[in-house]
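All remarks here apply to the structure that follows.
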Number of protein chains: 2
Amino acid sequence: MFSKSCEYAIRAAIYISAESSKEKKAGIADICDHIEAPRHFTAKILQILTRNKIVSSQKGVNGGFYLTKEQNTKPLSDIVSATDGNVLFNGCGLGLKECSEEEPCPLHEKFGVIRAEIKRMMEESSIESMAKKLKKGNGFLRAEVF
Amino acid sequence: MFSKSCEYAIRAAIYISAESSKEKKAGIADICDHIEAPRHFTAKILQILTRNKIVSSQKGVNGGFYLTKEQNTKPLSDIVSATDGNVLFNGCGLGLKECSEEEPCPLHEKFGVIRAEIKRMMEESSIESMAKKLKKGNGFLRAEVF
DNA sequence: ATAATAAAAGACAATTGTGTCTTTTATTAA
DNA sequence: TTAATAAAAGACACAATTGTCTTTTATTAT
Ligand code: FES
Ligand code: FES
């Protein structure tokens with residue numbers, strides 16, 4: 001469904017939202033520990049998110065990643081678009097060059113419904129709403145080890 | 001959503017269903033022309049489908065690919081499982097090692113609904129029902145060139 | 001039997017996605 | 001002003017996916 005980059009990006013953003021603020025920023029090592037993701041690869045992905053103004057970052061001592069109030073309200077669909085583009089939201093399910101009513105693939109009708117639902121799900125899920133589940137203890141970003 | 005292999009596999013299977021029979025088999029070159037897919041790569045993918053008894057093949061003169069009556073009724077989900085496995089049908093949307101109620105990701109609830117709908121769509125779409133659209137002229141497997 | 005045919009199989013090549021390591025740049029505490 | 005810090009950036013390395021080409025095997029018409 002989503003690429004690894006996108007999965008890490010979403011998990012990282014949610015963690016940052018839940019565990020950091022302008023005052024208490026989260027570092028890349030801390031983030032990767034808590035979402036069980038490869039460090040340098042995730043660092044690159046976070047660069048994409050910062051370039052797209054989905055997360056904020058600060059270099060230097062006491063630096064790290066955090067979200068502004070406005071960024072907290074952003075939908076997960078923004079992260080998907082930034083990392084994977086919009087093929088999932090607009091493209092043909094059977095891989096035709098474009099999805100169109102004029103020359104629809106045999107799955108077009110049914111797939112169009114599903115695709116719209118995926119889009120809606122991601123548009124209606126804000127980063128902060130996901131983080132809220134985390135803080136309430138009924139949301140996880142990695143397997144808990146005991 | 002689906003891999004290229006899966007997309008080609010579905011398109012090929014639908015074409016074979018629509019355009020061939022035990023008496024008039026479709027050759028790989030013919031198939032690839034009509035679904036706009038790379039020839040040798042698609043040949044490999046069709047080997048996977050024949051090994052999984054989703055399509056039938058015959059070597060030699062007048063050989064080619066075709067579907068038995070029973071194979072025609074198979075759902076597209078069988079093709080997805082054969083080419084991409086079952087991650088799309090069972091896996092976690094955010095890439096956790098497994099999807100579980102005990103340690104759900106923050107998207108688990110919403111994603112579970114969508115995932116079930118994707119599964120249902122593919123299980124309820126038979127190869128022959130897709131081929132029917134093709135034959136009626138309101139289904140395409142490649143961009144028509146003029 | 002022989003030749004023609006077409007899928008199966010195997011060996012590679014190119015591309016993309018994923019992951020690692022090192023160097024650079026910006027920031028701030030001391 | 002200096003040293004420590006942490007993200008940004010760049011250079012690779014590895015793996016998986018996608019795609020191409022050649023050889024082999026099975027089948028059938030002649
Ligand atoms: S043409 Fe395939 S989904 Fe619209
Ligand atoms: S745990 Fe992520 S979808 Fe179920």
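So you know, we letter chains A, B, ... as the sequences are listed, proteins then strands, and number each from 1.
Atoms CZ (R51(B)) and C1' (dA7(C)) sit 12 Å apart, rounded to a whole Å. Rounded to a whole Å, the NE2 atom of H40(A) is 6 Å from the P atom of dC21(C). F65(A) has its CZ atom 14 Å from the C1' atom of dT5(D), to the nearest Å. Spacing between atom CZ of F41(B) and atom P of dG19(D) amounts to 5 Å, rounded to whole angstrom units. Atoms CD1 (I31(B)) and P (dA8(C)) sit 10 Å apart, rounded to a whole Å. For the pair K22(A) NZ and dT27(C) C1', the computed distance is 13 Å after rounding to whole Å. For the pair L46(A) CG and dG19(C) P, the computed distance is 14 Å after rounding to whole Å. Distance K4(B) NZ to dG17(C) P: 12 Å, rounded to the nearest Å.
For Y8(B) and N62(B), each mapped to the nucleotide of DNA chain D holding its nearest heavy atom, the one lying further toward the 5' end belongs to Y8(B). Toward the 5′ end of DNA chain C lies the nearest nucleotide of T42(A), the other residue of the pair T42(A) and G60(A) mapping further downstream.
Residues Y66(A) and V55(A) are not in side-chain contact: their nearest non-hydrogen atoms beyond the backbone lie 4.5 Å or more apart.
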Derivation of the salt bridge (Lys or Arg N to Asp or Glu O under 4.0 Å) call for R11(A) and E36(A): CA-CA 9 Å; R11(A) 303 222 301 269; E36(A) 211 167 17; 5.8 Å; no
Residues K4(B), E7(B); criterion salt bridge (Lys or Arg N to Asp or Glu O under 4.0 Å); working and verdict: CA-CA 5 Å; K4(B) 279 289 158 197; E7(B) 291 173 354; 3.1 Å; yes
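For S5(A) and dG17(C), the shortest distance from a side-chain N or O to OP1 or OP2 is not below 4.0 Å. In this structure, S57(B) does not reach the dA6(C) phosphate: none of its side-chain N or O atoms is under 4.0 Å from OP1 or OP2. Note on Q47(A): a side-chain N or O is less than 4.0 Å away from OP1 or OP2 of dA9(D). Contact annotation: T50(B) side-chain N/O to dA7(C) OP1/OP2 distance is not under 4.0 Å. Within the 4.0 Å cut-off from OP1 or OP2 of dT28(D), at least one side-chain nitrogen or oxygen of Q58(B) is found.
Residue contacts for A37(A): at a heavy-atom cut-off of 4.0 Å it reaches no nucleic acid atom on any strand shown. Contacts of K44(B) with the nucleic acid, taken as non-hydrogen atoms under 4.0 Å apart, include base atoms.
Distances from the side chain of P38(A) to the nucleotides dG19(C), dA26(C), dG19(D) place dG19(C) closest. Comparing dA29(C), dA4(C), dT20(D) by their closest approach to the side chain of V61(A) singles out dA29(C).
The aromatic rings of F111(B) and F2(A) are tilted relative to each other, their planes meeting at an angle between 30° and 60°.
Going from atom CG of D78(B) over to atom CD1 of I54(B) covers 5.5 Å, rounded to the nearest 0.5 Å.
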